[in-house]
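Okay, so here's the structure we're looking at.
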Amino acid sequence: MKYKNLIFDFDGVLAESVHIKTEAFYKLYKPFGIEIAKKVVEHHKANGGMSRFEKFQHYHKVFLNINLNNNGIESLSIKFSHLVVQGVIDSDEVTGATWFLKKYSNVKKWIVSATPTVEICEIVNRRNMAEHFIKIYGSPEKKTPVVEKIITKNNLIKNETVFLGDALSDHKAAEENDIDFLLRSTPENKSLFLGALNLISFKDF
């Protein structure tokens, strides 16, 4: 393998957990009406790498005309975590993910996720995957500057570094840092990348 440095998103790339987050957003916003919940899910699917904190603020402002304060965002985030954490821990791996991580144990690896840092670290630890990664990053840090930080801090050579992701924000983080991008292709993200030319994609490991 030509790459010596691998940066992974988590949901939808290492674990089949995207649907768990989608269902949680639907449940949280269903009390405001089915149509609101559907709009939330549609936006969520199109913005996979956006943090839940930003999403809550956006959904309340745009769909409900409510300005959420920090306490409101924190309250929703706690409810959301209760809905998703165990489900993500228990979700299936993307086929071959563990085999791949072990096979390339000599390659440097990081996780860059939109999930809150404490939560994604707990999930990775409880899935017994933490040993494979140098560091795990989550929100509120943004993906593009986090990738830049990883490259700079570790003196990585860009053409030896690749981001494996499934969201537009993953592609953007790779593109803006001038590193390669590998798309984990799923039925959910197919329409999002129709206009992206020359993308290399994979379905599993």
Side-chain angles (χ1 to χ4, degrees), residues 1-18 21 46-54 88-89 91-186 188-189 192-193 196-205:
M1 184 169 64
K2 74 171 186 174
Y3 298 113
K4 296 181 180 178
N5 316 296
L6 306 178
I7 300 171
F8 295 85
D9 178 40
F10 186 81
D11 293 305
V13 177
L14 292 170
E16 299 284 19
S17 49
V18 171
K21 306 286 179 75
N47 295 273
M50 185 177 179
S51 80
R52 69 188 61 165
F53 309 114
E54 293 174 285
V88 175
I89 291 167
S91 64
D92 292 337
E93 69 169 28
V94 171
T95 302
T98 300
W99 168 85
F100 182 87
L101 294 173
K102 289 179 179 178
K103 178 176 174 63
Y104 295 102
S105 58
N106 60 326
V107 176
K108 295 176 181 176
K109 307 177 194 71
W110 294 261
I111 286 175
V112 177
S113 171
T115 300
T117 299
V118 172
E119 189 174 303
I120 188 62
C121 287
E122 178 188 355
I123 289 165
V124 173
N125 274 313
R126 289 179 61 186
R127 288 178 69 102
N128 298 314
M129 298 170 68
E131 65 181 355
H132 299 293
F133 301 99
I134 291 172
K135 191 162 182 179
I136 299 164
Y137 293 90
S139 64
E141 292 192 84
K142 308 281 190 184
K143 292 191 175 187
T144 296
V146 167
V147 171
E148 182 182 12
K149 183 196 299 186
I150 290 170
I151 292 168
T152 303
K153 187 176 179 181
N154 297 278
N155 297 310
L156 304 186
I157 297 170
K158 289 190 175 184
N159 63 12
E160 294 178 348
T161 307
V162 63
F163 195 126
L164 294 86
D166 69 331
L168 291 172
S169 62
D170 301 331
H171 181 241
K172 180 183 177 185
E175 196 172 50
E176 294 192 357
N177 282 288
D178 196 27
I179 62 173
D180 286 349
F181 176 71
L182 292 180
L183 172 66
R184 198 272 161 135
S185 179
T186 66
E188 290 76 22
N189 67 18
L192 299 178
F193 288 92
L197 301 176
N198 304 317
L199 271 186
I200 299 173
S201 64
F202 67 100
K203 290 187 177 179
D204 58 47
F205 290 97

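Note: hydrogens, waters and symmetry copies are ignored here, and every other heavy atom, side chains too, is used.
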Name the orientation class of the two ring planes belonging to Phe193 and Phe181 (parallel below 30°, tilted from 30 to 60°, perpendicular beyond 60°). parallel
Look at the rings of Trp99 and Tyr104 and say which category their plane angle falls in: under 30° parallel, 30 to 60° tilted, over 60° perpendicular. perpendicular
Taking [X] for the side chain and [Y] for the main chain, is one N or O donor matched with an acceptor at less than 3.5 Å?
| X | Y | answer |
| --- | --- | --- |
| Asp170 | Leu164 | no |
| Asn189 | Asp166 | yes |
| Arg184 | Ser201 | no |

Would you mind checking if Lys142 and Glu148 are paired as a salt bridge, meaning a charged N to carboxylate O distance below 4.0 Å? no
[atom1]-[atom2] distance between [X] and [Y], expressed to the nearest 0.5 angstrom:
| X | Y | atom1 | atom2 | value |
| --- | --- | --- | --- | --- |
| Asn155 | Ile157 | CG | CD1 | 9.5 Å |
| Lys4 | Leu156 | NZ | CG | 11.5 Å |
| Leu183 | Leu199 | CG | CG | 6.0 Å |
| Met129 | Lys109 | CE | NZ | 10.5 Å |
| Phe133 | Leu6 | CZ | CG | 9.0 Å |
| Asn177 | Thr152 | CG | OG1 | 8.0 Å |

Derivation and outcome, side-chain contact (heavy atoms from CB on, under 4.5 Å), residues Asn154 and Trp110: CA-CA 11 Å; Asn154 297 278; Trp110 294 261; 3.6 Å; yes
Answer whether the closest heavy-atom distance between the side chains of [X] and [Y] falls below 4.5 Å.
| X | Y | answer |
| --- | --- | --- |
| Leu14 | Val94 | no |
| Ile7 | Ile150 | yes |
| Val107 | Tyr3 | no |

Work out which heavy atom in [X] is nearest to a heavy atom in [Y]; give both atom names and the distance.
| X | Y | value |
| --- | --- | --- |
| Ile179 | Lys158 | CG2-O, 3.8 Å |
| Asn125 | Ala130 | OD1-CB, 3.2 Å |
| Glu119 | Thr115 | OE2-CG2, 3.5 Å |
| Thr117 | Tyr137 | OG1-C, 4.3 Å |
| Val112 | Phe163 | O-CZ, 4.2 Å |
| Ser139 | Ser51 | CB-CB, 3.7 Å |

Would Arg127 and Ser91 count as a side-chain contact (heavy atoms from CB on, under 4.5 Å) here? Give the steps. CA-CA 10 Å; Arg127 288 178 69 102; Ser91 64; 3.1 Å; yes
Within 6.0 Å of NZ in Lys135, more than 12 heavy atoms from elsewhere: no
Just wondering, are more than 12 heavy atoms of other shown residues or ligands nearer than 6.0 Å to NZ in Lys172? no
How far apart are the C-alpha atoms of Asp180 and Lys2, what are their side-chain angles, what is the distance that settles it, and do they pass the side-chain contact (heavy atoms from CB on, under 4.5 Å) test? CA-CA 11 Å; Asp180 286 349; Lys2 74 171 186 174; 3.6 Å; yes
Kindly determine whether Thr144 and Glu175 satisfy side-chain contact (heavy atoms from CB on, under 4.5 Å), including the steps that lead there. CA-CA 9 Å; Thr144 296; Glu175 196 172 50; over 6 Å; no
